[in-house]
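Here's the structure we're looking at; comments come further down.
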Amino acid sequence: MAEQIIFYILAALIAVFSVLAVTSKQIIRSATYLLFVLLGTAGLYLLLGYHYLFAVQIAVYAGGVMVLFIFAILLTNRPGENVKAERKDRRIAAGITSVAGLAFCGHIIYWNVNKAYTLLVPAEQKVQDIGLKLMGTEKYQYLLPFEFISVLLLACIVGAIMIARKR
Amino acid sequence: MNFLSIFVLVPALMMMGLYVSKTRKQIQFVTATGASILMILSGVITYMYLSERAAGNMAEMLFTADTVWYAPFNIHYSVGIDGISVAMLLLTSIIVFTGVFASWKIDPLPKEFFLWYCLLSIGVYGFFISTDMFTMFMYYEIALIPMYLLIGVWGSGRKEYGAMKLTLMLMGGSALLLVGILGIYYQSGATSMNILEIAKTTIPIQAQYYLFPLTFMGFGVLGAMFPFHTWSPDGHASAPTAVSMLHAGVLMKLGGYGCFRVAIYLMPQAAHEMSWIFLVLTGISVVYGAFSAIVQTDLKYINAYSSVSHCGLVLFAILMLNQTAMTGAILQMLSHGLMTALFFALIGMIYGRTHTRLITEMSGLMKVLPFLGVSYVIAGLASLGLPSLSGFVAEMTIFVGSFQETDTFHRVLTIVACTSIVITAVYILRVVGKILFGVIQDEHHKHLTDATWFERLSVVTLIIAIFALGSAPFWISNMIGESVLPVVTQLAK
Amino acid sequence: MDYSSFLQMREEFSLLVVMVILLVYDIFATEKALKQFQTVALSLFTLHTLLNCVPREAFAVAGGMFQYVPMQTYIKTILNIGTLIVLLQAHKYLDEDANRVKRGEFYFLTLSTLLGMYFMISSGNFLMFFIGLETASIPMATLVAFDKYNKKAAEAGAKYILSAVFASSISVFGISLIYGSTGTLYFNDIATVFTGTPLQLMAFVFFSVGLFFKISLVPFHLWTPDVYEGSQTNITSYLSVISKGAAVFVLFTLLVKVFPKIISDWQPILYGLAVLSITVANVFAIRQQNLKRFLAFSSISQAGYILLAIISGTALGMASLVYFVLVYMFSNLAAFGVLSVIEQRTSKVQMNDYNGLYQTNPKLSFVMMLALFSLAGIPPFAGFFSKFFIFSAAAQQGFYVLVFIALLNTIISLYYYLLVIKAMFLNTNEQPIETITSDIPVKISLVFCTIGILFVGLVSTFYDQIAVFSFGM
Amino acid sequence: MGDLFSNFLTGSVPIEAYLGVSLIMFFAGVYGFLSRKSLLMILVSIELMLNAADINFVVFNRYLYPGQMEGFFFTLFGIAIAACETAVAIAIIINIYRNLTSVEVGEIDEMKE
Amino acid sequence: MQYTLLIVLLPLISFIFLGLMDSKLKPKVAGIIGTSVLGIITALSYTAAFEYFTMHKIAGVYERLIPLHIEWVRFTEFLHIDLGILLDPISIMMLVVITTVSFMVNLYSTSYMHGEKGFQRYFAFLSLFTFSMLGLVIATNIFQMYIFWELVGVSSYLLIGFYYTKPSAVAAAKKAFIVTRFADLGFLVGILFLSFYTKTFDFGILTSGNPNVFASTVGVSFMGLSVMSWAMGLIFIGGAGKSAMFPLQIWLPDAMEGPTPVSALIHAATMVVAGVYLVARLFPVYEVYAPDVLHGIAYIGAFTSLFAAVIACVQTDIKRVLAFSTISQIGFMMVGLGVSGYGAHEGLGYMASMFHLFTHAMFKALLFLGAGSVIHAVHSNEMKDMGGLRKYMPITNYTFLIACLAIAGIYPFSGFFSKDEILAATFEFSPYLGGVMSIIAGLTAFYMFRLYYSIFWGKGHKHAHDHTPHESPLAMSIPLIFLAVVTIFAGFIPFGHFVTSDLANYDIHLDMTVAVMSVSIAIFSIGIATLMYRKESKIPNIMGKTFSHLHKSASNRFYIDEVYIFITKKIIFKNISTPIAWFDKHIIDATMDGFAGVTQWTSVKIKGFQSGQVQQYAYIFLLGTLIIAALVLFV
């Protein structure tokens, strides 16, 4: 019961802040709403029992990404200046398309998703397990992507620095 | 690779020779030598062919060779010739040879000109020696592209427009063709793209219904079939002399040859059932081209429309689907090739002197340019089918052959096609009367000089060929006639 | 945990080693030693290419996350050669004072995107695939914006990253649905359960647009011309050839390996996209004046042609596809090579500027012409063969109408290719581009491309080699 | 903490609800991407979209395929990738700002047609 | 008789030699070569004629000899063009006629054309013509005939257009060629019809009388008519074109633009009778399988004859008078053939026609050469520039008079005999037609003497410009005299012994009623002419005014030329060719250009999609995704 209540609260939170994040006039608010959404998502992860993910979500998003955002906003935004209002026709078109897409996908997913799930043994996610899987080379083990993503990260850092630095 | 490929190799070697040559002298040496070698080779091949036949080798294609090229697609590099190919090789050699001399002093960029010219001849030669559809198609396309640059750079008048139009329309033709070829290959279920192999299979009739029009139209575009002929006037009008010669003389023959070799030969049933559509179209070409030529004032346009008419006759005859008419069609290809090349050569030479091609601006040229004038008259006479010149034999064979089809439809069409010989006379004589006869109007034209030695060489070679074909057609006609037989047999199945 | 199996991924490791060496070299070498940086880099990369060009037995690593089949060696080698050519062409550019400081990054980023493509190609799992895809595209954005003080480059970078991320979010959403409807991310497992329920189909569409984006098919192509125009020419050529080549290969692999059961669904999609891509791109290309945009549209239409090979879904199609990519690489890189040489010397990219090029730069125009003819599919250049094979592969499966539409489009494409040729050979110019002497690396690259254009078609060995392994797919 | 929360997991939230949330988030992101003027806001929208996909993975994993942790790991890596993207995107946006002194998306349409 | 090959070959060799050498030869040399070759072949043909007619006959019938026969081109199993030499009475006769006239003309020309530019070329063309004409008459098969038929046409074209700097000559040459070419189209199609059903081109087989040859034509019709009518009718059109039958006669008067000896050779004696020869050659076929066509020929011949005679009465150009007279006389020959039957007496018309052909060739050549002589003297073709020439040019005067008498049909000149036979045959066929032909004979006498008087009588004041006219040199006079002699005596040749429809002997008996009547009509007409034209007289003017309408129409050749111009200029040029050219340019070509245009237009129209706005890109991207998904799911 409580789980449901929590879920719906989170769900409402996420939905509302998602919409607010993309409609807010002020960019800094927008970013803040995004933060709330991300935190709400983290809440969902927790709700689903993925504690580790909860931690990662908060650490990476709230801790890393948001900081980047704030920096960027502060760097590029002159204080007090609001973003100019978007063109209305474009907003309407985007809105209609999004809603249509939402309806379409919702329809398909709702009628086709496998609902015969067997809930729900509380799954205690042991961090050791996660660690072992992350270091394994068998099927359902993730050493290779783990190593590989480091290349991506490195490349992104190099690239971002290359772009951002003066020379 | 057997020795037939030498026809492709020699121009390729010429290209290499040209690439390293520096002066005009060297360029001329290379091209003249190469063209002469090709002439000799085609003579040799004719002799070999005839002696082989005389020795009783009755294979459909002689000197065949077959090398696997792209195994997964069953593409082979296969060559072979029959009488028709031999005739076409002869024609090509003559025209390449004369074209070289007709553009002896081409300017600017002689080296590049001949490089493209050689590439063009590679395409043409290759097409005639190939028996594999892929190779055939490849050579066909090789022959298309140099045209653009040749016309675009060395042409005259609205050359860019003409070049573009020609290239694109012919490309359109080859688009139809490629679908057709792929269709034939896959529908026949043959294990080779070799025409001879495919001929042994039967393509399902349903497939033939769309493949036949595709291939026929595809080649028909090149053969200037109505209503896909409009590239011809604009293209020929802007092309430089040698290119017009080679294009009208040989390249347009690729169309007829292809229709014959691919469309008719491989899809006899559809040919029987659908020939009437194309007969009507080609019949229109024949008369329409001739009528159009009457009112033109540009020499090249006149000749281009005349080519539409004459090449229409080629396709027309092929579609009659009997041995005589088909033989006539091939003869007409030869004949038209020679005489239209002669025409274009002469027009080029006249244009080079008078700097105009409008018949309204010339008159009385016979007086100052007797050699060119007489040659022009001879070309004209050949064109209107004077006996002892090549056109006559070809046209008569066609008409006699076409008349073998007894129903009213074919009869009436044949008679309609026959009228073209009168209309041809009208426009030829109009031109001859206007530009050669009468009194010179333009002061500048009074001091023109007659043909130079290389021009004479080129013209005389063509005239001799025209006379030879027109006076002694029997051996070539027999050679072609027996080579047409396999197709006729196929049609009779 | 047996990490030694990782050693089987020779290509990837070898590339990684090159990357690391270069990174370290760039950071720690002395000023003097750095002068030889490009030489070292190119030699190392050449070595890498040569070492990894022989196919091996098929194998799988990491429980099937990484799956190797011999064909991949070919496509990777093609990508290697292409990258090498691009690097050769970029040599001069990177030697300029303004860029010398960034060249280490240039190499590192280029090679890391290449590595991303390697993994993308060899992946046996959607996770791997996704990471590969991102590795191939995120650093690419920084490459696009490489000329960072150039407004156009900056703009192109932004457009690229935004579009790419948008595409990949849709794609990853699709992957999530695939996972949701099949319960696995392993290709082999998905293939058995992916039967085409509505959810799966939707998931498939959402997922595949990410690839369509990378291949830049209409209507997912709109970023292409802008980005191609804005970025530095060598990057553009890298983007148009290497990135695209990897993506089409992957698309084919995925469609055939993972989604074979819904062939009746994806064939019409590809059909439509092919028609759209070829036609729309051609129509747009007609009136382009900027040659980079021009080549962008041309490459979109080429991508449409590639779909003809994919749509067949046969071994023949596979071989034709790889072959096509090979030929396309030579042709397009030759065109871009000429373009970049001229742009770097004169900063002229408009078609009008090319008027009369043949008068002053016959060799460059000649190479350009070969490249364009090859792209247009004119024999005896390699492009003709590759196109023919692709058409043949499609026709084999009965797609005659599609082939016909594609062929009609070749007329339009021939038209605009001829426009360039016309500019170079036919038109005259008051102020033609001055005579340019290219530096050695560019010369090498262009000669290499020319040889490729001339002989890859006529000599059937290349195709035969590729065809040997196409059945291993 | 863990125990506390797991005790709540006795009732059942239907899977559709989770998916609905993620869908809303996703299409909110789409809307934002299509309509916002600031490049940074567009980036915000993208975060939403990526995040929505992550939720999907987790939910599917938890509800439908609890046996393996594929969705879990995908989300894990996905977060990392999203971070990379953001970093690079922000670098590029700053670069835009440096060149154009603006981060409005309408400004970056010099190249067209 | 292998040497007959030489008769054909020598002129060809002469042509090639003269043509290639052209101005490298001295004019004199060229003239000598040309003339001597002709002399040689004339001698050869006389030898051949002598040898042939004295040869042993088989069952009283002349044998057809084929001394040479080679296959030239093979069309089908049965149809092949052969080249060969066929000797039978009519071809032998034609050989004689052609070589004789040709020789005379050559000889005449050496003087007449003296000093002309292109003298060598002229002789080359003459040789070419002779070659072609000879080839035509000795043809063994209809296709060979067609070949030489065309060559004859071309040589005629070249010779008419000899003065190529003169626009009228060029136009005339063109006209002659095109009109005859048009007729040849009929000939060709006729050949196609005939050969398809009979499976042969060979005259020998066609005229053998073997019904099997025509077996497959029985009951076959094409668009309403029987195929034989089609075939023979179309073939006749070919003949009609060359022989200037109505309505294809228009080219002949214009052809007088050529040098006068050429007119004598081609447009009087030889080429224009090719049509007659053709009908005669195929006579057995016409007679048996297409009698309707044969009768049609008779009527067309009669009409043409009348028509031309009327026009001839009012022409003022002496060569044109002769030209129309030629048309009229050929009409006679056609009538003769048309009314003829097959076999001894039935074949009288045939024999007479051939006979007339022979005599006409001689006297008409004479007339033309005489006219040439006159023109040579006064440098004009117009009657008004002449008059009173008899004093200056006695030889021309007498020879011309002889020819006039011959053509008028006065005994004992040759024309009398041949014309009389035709009239007799015609009366037998139909009295009405006979009557008409008699009237024409009268008209002939009238206009010939009108011509004669206008030239040689009356006042001679008009030509006192630079020099007084004088008699022509010897080279011109000798042919005149020779031909005059022939004209006088040829009538006494027992022609029926040589040429008949069935190759058997036939003795001509003069039908006295017809003879008397025709001679009296002729004399009466000559009388009227004498009255009107011997001296300056008002009568012609009065007559002209009285029948002004008729006179005007006749002077304008009944406006047939205008009709032709209307057809060619207005219909073909303006209403067919120009629209076709327009259509080609504005419809067909425009369609092709239109494809390009539409593509370009689309290209401009859709450029908005590439707006540069990344959000729009994403929008389209998304839409694309959704649409594809929707299509995949719902379609």
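So you know, we letter chains A, B, ... as the sequences are listed, proteins then strands, and number each from 1. Worth knowing before you read on, the calculation uses all heavy atoms, side chains too, and leaves out hydrogens, waters and symmetry mates.
- Interface summary for chain E: among B:Gly328, B:Ser477, B:Pro387, B:Ser292, the most heavy-atom pairs under 4.5 angstrom belong to B:Pro387.
- Using a 3.5 Å distance cut-off with no hydrogens or angles, the side chains of E:Ser14 and E:Ser127 do pair a donor with an acceptor.
- Under the 6.0 Å cut-off for aromatic ring centres, E:Phe129 and E:Phe125 do not qualify, their centroids lying 6.0 Å or more apart.
- Under the 4.5 Å side-chain criterion, counting only non-hydrogen atoms from C-beta, E:Asp82 is not in contact with E:Trp72.
- At a 4.5 Å heavy-atom cutoff, B:Gln323 makes no contact with chain E through either its backbone or its side chain.
- Taking chain E as the reference chain and counting heavy-atom pairs below 4.5 Å, the highest number among B:Pro370, B:Gly433, B:Ser471, B:Gly364 is found for B:Ser471.
- Counting heavy-atom pairs closer than 4.5 Å to chain B, the top-ranked of the candidates E:Thr578, E:Leu151, E:Leu79 is E:Leu151.
- Among B:Val412, B:Asn322, B:Thr408, the residue making the largest number of heavy-atom pairs under 4.5 Å with chain E is B:Thr408.
- Interface remark: E:Phe193 contributes backbone and side-chain atoms alike to the contact with chain B (heavy atom separation under 4.5 Å).
- For B:Leu384, the parts lying under 4.5 angstrom from a heavy atom of chain E are both the backbone and the side chain.
- B:Phe226 and B:His229 have parallel rings, their planes meeting at less than 30° on a 0 to 90° scale where 60° marks the start of perpendicular.
- Of the listed residues (B:Ala425, B:Gly481, B:Ala290), the greatest number of heavy-atom pairs within a distance under 4.5 Å of chain E belongs to B:Ala425.
- Atom CZ of B:Arg456 and atom OG of B:Ser375 lie 8.5 Å apart (nearest 0.5 Å).
- Summarising the geometry, atom CG belonging to B:Leu358 is positioned 11.5 Å from atom CD1 belonging to B:Ile435; distances are rounded to the nearest 0.5 Å.
- Neither the backbone nor the side chain of B:Met164 comes within less than 4.5 Å of any heavy atom of chain E.
- In this structure, OG on E:Ser577 lies 11.5 Å from CG on E:Asp584, to the nearest 0.5 angstrom.
- Heavy-atom distances place the side chain of B:Phe392, and not its backbone, under 4.5 Å from chain E.
- Note: B:Phe403 leads B:Phe403, B:Tyr305, B:Tyr161 in heavy-atom pairs under 4.5 Å with chain E.
- Interface remark: E:Lys117 contributes side-chain atoms only to the contact with chain B (heavy atom separation under 4.5 Å).
- The parts of B:Ile421 that come within reach of chain E are both its backbone and its side chain, each placing non-hydrogen atoms under 4.5 angstrom from that chain.
- Only the side chain of B:Val432 comes within contact range of chain E, judged by heavy atoms closer than 4.5 Å.
- Surrounding CZ of E:Phe182 are at most 12 heavy atoms belonging to other residues, nucleotides or ligands under 6.0 Å away.
- Below 30°, between 30° and 60°, or above 60°: for E:Phe583 and B:Tyr288 the angle between ring planes is above 60°, a perpendicular geometry.
- The candidate with the highest count of non-hydrogen atom pairs below 4.5 Å against chain E, out of B:Ile415, B:Leu168, B:Ile428, is B:Ile415.
- Contact annotation for B:Lys165: only side-chain heavy atoms (C-beta onward) come within less than 4.5 Å of a heavy atom of chain E.
- Judged by the 6.0 Å and 45° rule, B:Arg411 forms a cation-pi pair with E:Phe196.
- In this structure, E:Phe131 has its ring center closer than 6.0 angstrom to the ring center of E:Phe148.
- Only the side chain of B:Leu386 comes within contact range of chain E, with heavy atoms under 4.5 Å apart.
- Contact tally against chain B (heavy-atom pairs below 4.5 Å) for E:Asp589, E:Thr591, E:Val170, E:Val73: the top residue is E:Asp589.
- Put simply, of E:Leu188, E:Val154, E:Ile81, E:Ile147, the one with the most heavy-atom pairs under 4.5 Å next to chain B is E:Ile147.
- Separating the CD atom in B:Gln332 from the CE atom in B:Met396 is a distance of 10.0 Å, to the nearest 0.5 Å.
- Taking E:Asp184, E:Ile191, E:Leu158, E:Leu192 one by one and counting their heavy-atom pairs under 4.5 Å with chain B, the maximum is reached by E:Leu192.
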